[in-house]
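Indexing begins at 1, ligand by ligand and atom by atom, following the structure's order.
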Amino acid sequence: MSARMVLLGPPGAGKGTQAARIAERLGIPAISTGDIFRANVAGATELGTRAKAYMDKGEYVPDSITNAMVADRIAQADCEGGFLLDGYPRTTAQVGELDSMLKDSGLALDVVVEITADAEAVVARLLKRAGEQGRADDTEPVIRRRLEVYAESTAPLAGIYAERGLLVQVDGMGEIDTVTGRIMEALAARGVTA
Ligand code: ADP
């Protein structure tokens with residue numbers, strides 16, 4: 001079956017890791033706006049140059065840049081059978097944008113998975129990743145800012161999707177495999193299977 005999904009959760013909740021696993025099992029592409037931005041920064045494209053200033057401060061990239069990028073990506077052929085969005089939407093305005101992108105093609109979201117995680121645990125995970133991968137936005141002040149921006153702008157999205165009956169919450173604390181199992185189970189309970 002096709003599955004059009006959104007993965008929500010704070011920085012460090014394990015969205016990227018879980019997105020790749022879930023998407024593979026369901027046979028749909030995982031689309032990470034953060035990864036697309038980072039690839040553009042690495043390639044020094046115009047999009048990357050515009051996004052970098054915001055990313056380095058832990059702020060969101062303006063919607064005018066982000067929405068166009070996502071619209072373009074989900075219009076590609078590999079998304080016809082569904083997709084898993086990781087890191088989009090992140091604001092209520094982006095929720096509306098995504099709705100209209102899908103509606104234009106007669107489509108709608110099937111499910112939104114929120115990975116929950118304890119605030120101190122996510123800071124610890126991100127600081128550990130900073131040591132290992134050296135991501136430019138993984139310094140403690142920027143991590144704190146990303147968490148603040150998440151709490152202000154993105155956490156309320158769970159309520160919006162819950163009202164629509166689309167939200168499934170999954171505990172993101174524990175082993176990677178355990179969390180993947182929880183997500184697959186929650187999806188299966190909603191009829192989303194490979
Ligand atoms: P995080 O682990 O902080 O969730 P991501 O890799 O998802 O990291 O995103 C990294 C950065 O890319 C964000 O802090 C933000 O600057 C930018 N970004 C990613 N997705 C969006 C979006 N939907 N809207 C605005 N900015 C975004």
Quiz item: Does the pair E132 and K128 meet the rule for a salt bridge (Lys or Arg N to Asp or Glu O under 4.0 Å), with working shown?
Solution: CA-CA 7 Å; E132 293 161 0; K128 182 162 172 271; 3.4 Å; yes

Practice problem: List the closest protein heavy-atom neighbour of atom 26 (N) of ligand 1: residue, atom name, distance to the nearest 0.1 Å. | Solution: V61 N, 3.0 Å

Quiz item: Which is it for D56 and K52 under the salt bridge (Lys or Arg N to Asp or Glu O under 4.0 Å) test, yes or no, and what are the steps along the way?
Solution: CA-CA 6 Å; D56 285 351; K52 188 178 186 320; 2.5 Å; yes

Practice problem: Under the salt bridge (Lys or Arg N to Asp or Glu O under 4.0 Å) rule, what do D78 and R73 come out as? Steps first, then yes or no, please. | Solution: CA-CA 9 Å; D78 64 335; R73 180 65 190 87; 2.7 Å; yes

Quiz prompt | Steps toward salt bridge (Lys or Arg N to Asp or Glu O under 4.0 Å) verdict (R21, D177) | solution = CA-CA 9 Å; R21 294 172 148 231; D177 281 343; 2.8 Å; yes

Practice problem: List every atom of ligand 1 that sits less than 4.0 Å from any heavy atom of K15, numbering the atoms from 1 in the order shown and giving each element. | Solution: 4 (O)

Quiz item: For atom 24 (N) of ligand 1, which protein heavy atom lies nearest, and how many Å away is it?
Solution: Q94 NE2, 2.9 Å

Quiz item: Among all protein non-hydrogen atoms, which one is nearest to atom 8 (O) of ligand 1, and what is the separation to 0.1 Å?
Solution: R135 NH2, 3.1 Å

Practice problem: Mark up the atoms of ligand 1 that fall under 4.0 Å of a heavy atom belonging to T66, in ascending order. | Solution: 22 (C), 23 (N), 24 (N), 25 (C)

Exercise. Compute the shortest N/O to N/O distance between G58 and ligand 1 and return yes if it is under 3.5 Å, no if not.
Key: no

Exercise. Write out the residue and atom name of the closest protein heavy atom to atom 20 (N) of ligand 1, then the distance separating them to 0.1 Å.
Key: T33 OG1, 2.7 Å

Self-check item: N or O contact, D137 vs ligand 1, cut-off under 3.5 Å
Solution: no

Exercise. Run the contact test for K52 against ligand 1 with a 4.0 Å cut-off on heavy atoms, strictly below, and give the result.
Key: no

Quiz item: Where's the contact between R146 and ligand 1, heavy-atom distance under 4.0 Å: side chain, backbone, both or neither?
Solution: side chain

Quiz item: Between D138 and R146, is there a side-chain N and carboxylate O pair less than 4.0 Å apart?
Solution: yes

Practice problem: Check whether any side-chain N or O of R190 sits under 3.5 Å from a backbone N or O of L187 as a donor-acceptor pair, and report yes or no. | Solution: no

Self-check item: Mode of F37 contact toward ligand 1 - side chain, backbone, both, neither (heavy atoms, under 4.0 Å)
Solution: side chain

Quiz item: Quick one: nearest non-hydrogen protein atom to atom 16 (O) of ligand 1, plus distance?
Solution: E59 O, 2.7 Å

Self-check item: Residues R144, E148: salt bridge by 4.0 Å N-O rule
Solution: no

Self-check item: Residue, atom name and distance, where the atom is the protein heavy atom closest to atom 23 (N) of ligand 1
Solution: G87 O, 2.8 Å

Exercise. Answer yes or no: is there a donor N or O on one side and an acceptor on the other, between the side chain of S100 and the main chain of G96, under 3.5 Å?
Key: yes

Quiz item: Nearest to atom 13 (C) of ligand 1, what protein heavy atom do you find, and at what distance?
Solution: R90 NH2, 4.2 Å

Self-check item: N/O donor-acceptor pair under 3.5 Å between S153 side chain and Y150 backbone
Solution: no

